Amino acid sequence: MRILLLCHSFNSLSQRLYSELAARGHQLSVEFDIADSVAEEAVALFRPELIVAPYLRRAIPASIWEQHCCLIVHPGIVGDRGPSALDWAIQEGEQAWGVTVLQATGELDGGPIWASENFPMRVARKSSLYRHEVTEAASCAVLRAVERFASGSFVPVPVDAADASARIRGCARPLLRQSDRAIDWQHDDSATILARLNAADGFPGVADRLFGEPCRLFDAWPEDRLRGGAPGEVIAWRETAILRATVDGALWIGHVRREEEANAAARADARSEANVRTFKLPATQVFATQLASIPEAPLAGETRYFAAVGRTWQDIRYEEAGSVGFLHFDFYNGAMSTRQCQRLLAAWQWAQQRPVSIIVLMGGRDFWSNGIHLHSIEAAESPADESWANINAIDDLAEAIIRNETQLTIAALQGNCGAGGCFLARAADLVWARTGVLLNPHYRNMGNLYGSEYWTYLLPARVGVEGAQAMMRNRLPMSPAVGLAAGLVDACLAGDLDAFRVDVARRAAELAAAPDLAARLQEKGAQRHADEALKPLASYRAAELAELQRNFYGFDPSYHVARYHFVHKTPASWTPRHLAIHRDLGWSLPQ
Ligand code: COA
């Protein structure tokens with residue numbers, strides 16, 4: 001079928017549906033929801049048989065839904081309506097939630113239902129639930145709805161009838177306002193505050209004040225042992241996070257977005273981030289001056305990489321099972337700043353000294369890595385210098401992984417991986433990906449960034465020169481199955497996160513116990529030496545950095561402009577041509 005994806009932006013759910021539908025042979029094109037007239041034009045050009053809207057922030061115009069079947073993905077259970085579906089579910093502590101695929105009509109979220117899927121809730125951030133449970137459920141429900149549409153015989157169920165037979169039923173709920181999200185530090189306990197911060201994570205955050213300044217709070221971590229101070233007071237800091245006292249303990253806040261005082265009240269209930277000049281940053285970066293008088297609470301000493309006793313803020317964590325070491329790095333949004341790369345390199349070097357024959361790089365639950373930290377770079381005094389420092393720090397890490405000769409190394413992708421993060425993963429000997437993660441192995445969307453992380457060494461060796469050029473040029477998301485077929489990925493494992501971890505641990509243990517392990521390591525060392533003799537790693541790096549020097553310091557500012565729009569979330573004013581194939585000059589409707 002010819003399917004048009006109409007979406008606010010090509011976010012992770014839109015990307016997942018794109019790759020699932022493409023894998024089933026559908027012809028796809030994407031249009032961003034910029035204005036009614038632009039969407040109408042896209043429909044006229046592409047003449048879709050079906051329109052799927054994975055992520056929209058406004059209603060589809062009647063001129064489109066009256067003529068075409070439009071399937072809307074609503075992140076709520078049957079009967080639920082409104083713009084804050086998942087936010088309410090988390091804040092109200094729902095035990096189960098779901099996704100409903102309904103047809104667009106004049107009534108918002110009130111059209112007949114084509115498919116729905118439920119899931120048990122877990123205590124997690126909205127952005128994490130969205131990237132895991134919601135995305136899985138949406139993918140199942142949309143694929144079922146598309147099959148039903150294709151059959152020509154399915155009659156979608158009016159919402160009232162579906163409501164009556166649903167196991168759990170929702171209702172219409174308004175926008176969750178900042179007044180509903182507000183934290184009362186004098187009375188709310190840690191669990192309540194955590195639920196509020198989780199319900200707002202990603203966007204819009206919880207409006208609050210820190211050191212007397214208005215800001216939005218994100219990225220909360222529970223703390224079981226440290227306490228003290230008056231509720232709401234900042235009592236300690238560690239790396240990127242600050243610790244605030246609550247009435248019954250304390251909570252870590254990892255990220256904040258400063259708000260302009262004048263705009264804070266006016267923006268409290270806005271649904272969009274348009275025209276906001278500030279952006280999300282590590283909390284200790286924003287309040288560096290104020291933290292000078294607050295004690296640091298480091299995880300120190302030899303044991304700092306092992307799981308701390310009780311829950312606390314710990315972004316790098318190591319565990320061992322027999323002769324397999326697992327290095328977890330749970331960096332917010334998968335972004336890796338200069339310091340985070342340096343700290344991970346130190347942890348990597350420490351892990352290499354452990355008595356293990358396999359090291360598994362686990363990344364984080366939601367993201368494995370998205371490469372250099374574009375937000376921290378944007379906030380730097382010299383973004384060009386910080387880009388340079390960050391890329392060198394991530395290159396040092398990639399190099400250390402490539403040069404390891406004492407262990408077999410595995411990148412286990414539990415979460416999505418983008419840009420330099422994909423090539424950092426490829427620096428390991430093996431890349432195992434969870435079914436359902438998304439890979440974006442390309443850089444050019446960031447203002448034609450050339451990229452480094454030794455991709456010119458790592459990628460052609462796996463996918464061939466032409467394959468590498470195509471990946472960089474096409475700039476499309478890739479499922480692990482496609483990555484496996486292309487050679488970028490070595491194994492595509494279980495889709496369920498817990499099952500994936502078990503599978504990774506079992507396979508890694510088998511590799512560690514295999515009689516040919518020593519031979520494999522020897523072979524790996526020999527290959528590396530042969531590669532080095534042919535062309536030293538240093539020349540790959542020098543050539544990549546020469547290109548990046550032009551990106552960062554040259555006369556073409558595209559990278560700086562693209563980064564600015566990325567961190568400020570500037571609404572798109574056109575759909576990139578590689579996604580909107582109906583806007584290709586050469587595109588013509590199949591007869
Ligand atoms: N640095 C800083 N923040 C980053 C980031 C990076 N490299 N990559 C993603 N993020 C942040 C986004 O700003 C967003 O922040 P939010 O919590 O305020 O919404 C969040 O991570 C999720 O990103 P989003 O783009 O919504 O996720 P996605 O799953 O839809 O898309 C990518 C994933 C990888 C395609 C997209 O995030 C991307 O292009 N990232 C930039 C990659 C890059 O160019 N890195 C630099 C070169 S190595």
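Remember, predicted model here, so these are calculated numbers, not experimental data. For ligands, and for the atoms within them, numbers begin at 1 and follow the listed sequence. All values below come from the heavy atoms of this structure, side chains included, with hydrogens, waters and symmetry mates left out. Start at 1 with the first residue, then count along the sequence.
- Remark: F32 pairs with no residue by the ring pair (Phe, Tyr, Trp, His ring centres under 6.0 Å) rule, at least two apart or across chains.
- Using a 30° and 60° split on the angle between ring planes, F211 and F287 fall in the tilted class, from 30° to 60°.
- Taking the centre of each ring, Y559 and F552 come in below the 6.0 Å mark.
- Evaluation of the side chain to side chain donor-acceptor pair (under 3.5 Å) rule for E133 yields R122 as partners, not counting sequence neighbours.
- With sequence neighbours excluded, no residue forms a salt bridge (Lys or Arg N to Asp or Glu O under 4.0 Å) with R196.
- Aromatic pair W221/W313: centroids less than 6.0 angstrom apart.
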Report each N/O pair between ligand 1 and the protein that falls under 3.5 Å, naming both atoms.
from     : atom 1 : to   : atom 2 : distance (Å)
ligand 1 : 1 (N)  : I372 : O      : 3.4
ligand 1 : 1 (N)  : L374 : N      : 2.9
ligand 1 : 7 (N)  : N370 : O      : 3.0
ligand 1 : 7 (N)  : I372 : O      : 2.8
ligand 1 : 13 (O) : H375 : NE2    : 3.0
ligand 1 : 13 (O) : K569 : NZ     : 3.1
ligand 1 : 15 (O) : N333 : ND2    : 3.3
ligand 1 : 15 (O) : K569 : NZ     : 3.4
ligand 1 : 17 (O) : K280 : NZ     : 2.7
ligand 1 : 17 (O) : N333 : ND2    : 3.0
ligand 1 : 18 (O) : K280 : NZ     : 2.8
ligand 1 : 18 (O) : K569 : NZ     : 3.3
ligand 1 : 21 (O) : N333 : OD1    : 3.4
ligand 1 : 21 (O) : N333 : ND2    : 3.1
ligand 1 : 27 (O) : R131 : NH2    : 3.3
ligand 1 : 30 (O) : S12  : N      : 2.9
ligand 1 : 45 (N) : N370 : O      : 3.2

